[in-house]
Number of protein chains: 2
Amino acid sequence: MPEQVCIVGATGALGFGLALRWGRVGVPIVIGSRDLGRAQEAAGRASALVPHGDFIGLQNADAVLDAPIVVLSVPFRSQSETLTNLKNVLVEGQLVVDATVPLAAAVSGKATRTLGVWQGSAAQQAQEMVPEGVRVVSAFHTVSAALLTDLEHELTEDVLVCGDRREDKQRLAELVNLIPGLRVVDCGPLETARIVEQLTPLLISINVRHKTRAGIKITGLES
Amino acid sequence: MPEQVCIVGATGALGFGLALRWGRVGVPIVIGSRDLGRAQEAAGRASALVPHGDFIGLQNADAVLDAPIVVLSVPFRSQSETLTNLKNVLVEGQLVVDATVPLAAAVSGKATRTLGVWQGSAAQQAQEMVPEGVRVVSAFHTVSAALLTDLEHELTEDVLVCGDRREDKQRLAELVNLIPGLRVVDCGPLETARIVEQLTPLLISINVRHKTRAGIKITGLES
């Protein structure tokens, strides 16, 4: 049986889409939100869409407790506050999968531009903020939330993953590979997240021009 | 008959690969170099590989003169000097296709890292340096030089193009579409080059890990 996954911010589109896709292939999902009511509402919506799925909604701190893998899928403007609030909850050995994108939209700028993050990337900011021994990998920046949520849509794209430890990326890859049509590509150390996080605004720019939900596939790899 | 293309820096791998691929489909190619001998040597090598191709080698200033389209494919450390030297040669109406990547390798850093460019990207630096009326688009940052040069290899990847004027991108697209297996994707205004230029180090990082020559394909578009 697959590991349980906690998704902080699964009330948002990307996190909710991941919850649906994983729930459908038998991964038990804990949906975290600042607000218990919203977490439960999202879990209810997920159960309605994937009736055989295992979804529960909890407040963030309760959701994260004992979760082996925590996906952080919150807007950039909430990332720092969310991690501060989880500082006394996260413990050594937990893996945080950061999906945060430092879009300029966080400060009312364009969604095709990003903010500079002092640490280099939102993922590196996350790594700095989590307690000692909690590891961070970066992922899911090029996967369309709308396509994840549309369960009729057959996915066929890559998930670009950055992280400093090969075993952490491998652990995430095993989970991602449960979702048909997604392939994990190891992009290098966590610092490479400063490039991959920019791909969300690039795809938003492409979406605007081509009226689509673009994703990325790396060519030249074995499938 | 297709427009002539001038490639400044076609003595390097990317420029040389483009020269071969275009030469093979009948595009007349002028190879520019600081050194006349090196330009002629590259033109000779190209002619040997593509015997029906139309290649000549000239010094940069002569090569650029009257060229409707100039591809700038030089190392970042030479970009500024090259454009300074071309300041009195480039004239209104010419289209400069900038393929420069601000790799940290330019200052002996890692090829998986980039330098910050004050203007935002090498392409924007180019736009600032060319005379009034010369337009700049950014392209070719994700196409492997080695695969371009290997004429046995069947290409199947995207060329991500940034530029402020749709007609400039269209003009380049028509030329790129002559090369079988390459598809142009309009990524937005020239400022988006600051994202696309980062994709070269990302692909270098992927290449190291996966021992391949990676490229990028955008999913969700009509082919």
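A, B, ... follow the sequence lines: proteins, then strands. Residue 1 opens every chain.
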S.K.: Shorter than 4.5 Å, heavy atoms on both sides: which option in A/Leu203, A/Leu147, A/Leu199, A/Val208 has the most such pairs with chain B?
M.R.: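 Top option by heavy-atom pairs under 4.5 Å: A/Leu199.
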
S.K.: Return one line per donor-acceptor pair between chain B and chain A under 3.5 Å, naming both atoms and the distance rounded to 0.1 Å.
M.R.:
unit_1	atom_1	unit_2	atom_2	d
B/Arg113	NE	A/Glu191	OE1	3.4
B/Arg113	NE	A/Glu191	OE2	2.8
B/Arg113	NH2	A/Glu191	OE1	2.7
B/Arg113	NH2	A/Glu191	OE2	3.3
B/Asp186	O	A/His210	NE2	3.0
B/Cys187	O	A/Ser205	OG	2.6
B/Glu191	OE1	A/Arg113	NE	3.4
B/Glu191	OE1	A/Arg113	NH2	2.7
B/Glu191	OE2	A/Arg113	NE	2.8
B/Glu191	OE2	A/Arg113	NH2	3.3
B/Ser205	OG	A/Cys187	O	2.6
B/His210	NE2	A/Asp186	O	3.0
B/Thr212	OG1	A/Gly220	O	2.4
B/Gly215	N	A/Thr219	O	3.2
B/Gly215	N	A/Thr219	OG1	3.0
B/Gly215	O	A/Thr219	N	2.9
B/Gly215	O	A/Thr219	OG1	3.3
B/Lys217	N	A/Lys217	O	2.8
B/Lys217	O	A/Lys217	N	2.8
B/Thr219	N	A/Gly215	O	2.8
B/Thr219	O	A/Gly215	N	3.2
B/Thr219	OG1	A/Gly215	N	3.0
B/Thr219	OG1	A/Gly215	O	3.3
B/Gly220	O	A/Thr212	OG1	2.4

S.K.: Using a cut-off of under 4.5 Å for heavy-atom pairs, which of A/Val196, A/Leu160, A/Ile216 has the most such pairs with chain B?
M.R.: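 Of the candidates given, the most pairs with chain B belong to A/Ile216.
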
S.K.: Apply ring-ring contact (aromatic ring centres under 6.0 Å, His included) to A/Phe55 and list each qualifying residue two or more places apart in sequence or on a separate chain.
M.R.: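 With sequence neighbours excluded, A/Phe55 shows a ring-ring contact (aromatic ring centres under 6.0 Å, His included) to no residue whatsoever.
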
